[in-house]
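Remember, it's 1-based here, ligands and their atoms both numbered in the order they're listed.
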Amino acid sequence: MDLFQEQTNRNFLPYDGTVHYHGPILSKSSADLYLNVLLKDIPWKNDEAIIFGKRIITKRKVAWFGDSDYEYTYSNTTKKALSWNKELSELKLIVEEISGNKFNSCLLNLYNNGQEGMAWHSDDEKSLGKNTVIASLSLGAERKFSFKHKSSGEQISLILEHGSLLIMKGETQTNWLHNLSKTKSVVNPRVNLTFRTIIS
Ligand SMILES: O=C(O)CCC(=O)C(=O)O
Ligand SMILES: [Fe+2]
């Protein structure tokens, strides 16, 4: 087994879940191309959440895509999925090939700069089922991504590079939270695609 394979196959989490960081899986030029097309063509909208009964509009923008016009409920709001476009279908195929997993939906996040991030959470909605596989493709600015164990509080972080793939599976969502920290030092946008499998 070569060094690259060893890195890829290593579980990034010390216990209670499985995370594989594949590093960049797209060439820089192809990652640049996808980033620019997605920034331009996706109908980005500020996300809506209802937290403690209050309607919140996030700074981060999102878009949902899926196999059919699925409805998703999370953060107490319901959204309808758009149908895959050319670029997203291509990226889905690449990610499915590498992960060995099929996905039927994708949540896209746009962080305009380091002032936008995502708070601690786990992707443990009922519609994803238990031990779901989530494949997260990053394009654009490098950002710090962290995991925090729900009972021990142990934290572990990595940098998500341009064109890179991170896969979360097994008991990761049950036992760990994750976040994307804010930072003043990042001034460029980042687009993140999280491929998911909705079961209901
Ligand atoms: O932007 C990221 O890398 C994280 C996104 C995320 O955690 C989510 O969409 O659930
Ligand atoms: Fe998440």
Asker: Can you tell if the side chain of L137 reaches within under 4.5 Å of the side chain of I25, non-hydrogen atoms only?
Answerer: yes
Asker: Under the 4.5 Å side-chain heavy-atom rule for ILVMFWY, direct or indirect, which residues accompany W120?
Answerer: L177
Asker: So does D123 get a backbone contact from the side chain of Q173, meaning a donor-acceptor N/O pair under 3.5 Å?
Answerer: yes
Asker: Just verifying a value: how many Å separate W84 CH2 and E90 CD, rounded to the nearest 0.5 Å?
Answerer: 13.0 Å
Asker: Quick one, list the residues around ligand 1 where some non-hydrogen atom comes in under 4.0 Å, by chain and residue number.
Answerer: L107, N109, Y111, M118, H121, D123, F145, L160, H178, R190, N192, T194, R196
Asker: Once rounded to 10°, what is the value of the angle centred on the Fe ion (ligand 2) between H178 NE2 and D123 OD2?
Answerer: 90°
Asker: Among L128, V133, N104, I134, exactly one meets side chain to side chain contact (heavy atoms under 4.5 Å, CB included) together with T197. Which residue is that?
Answerer: N104
Asker: Are side-chain heavy atoms of N109 and L180 found at a separation under 4.5 Å?
Answerer: no
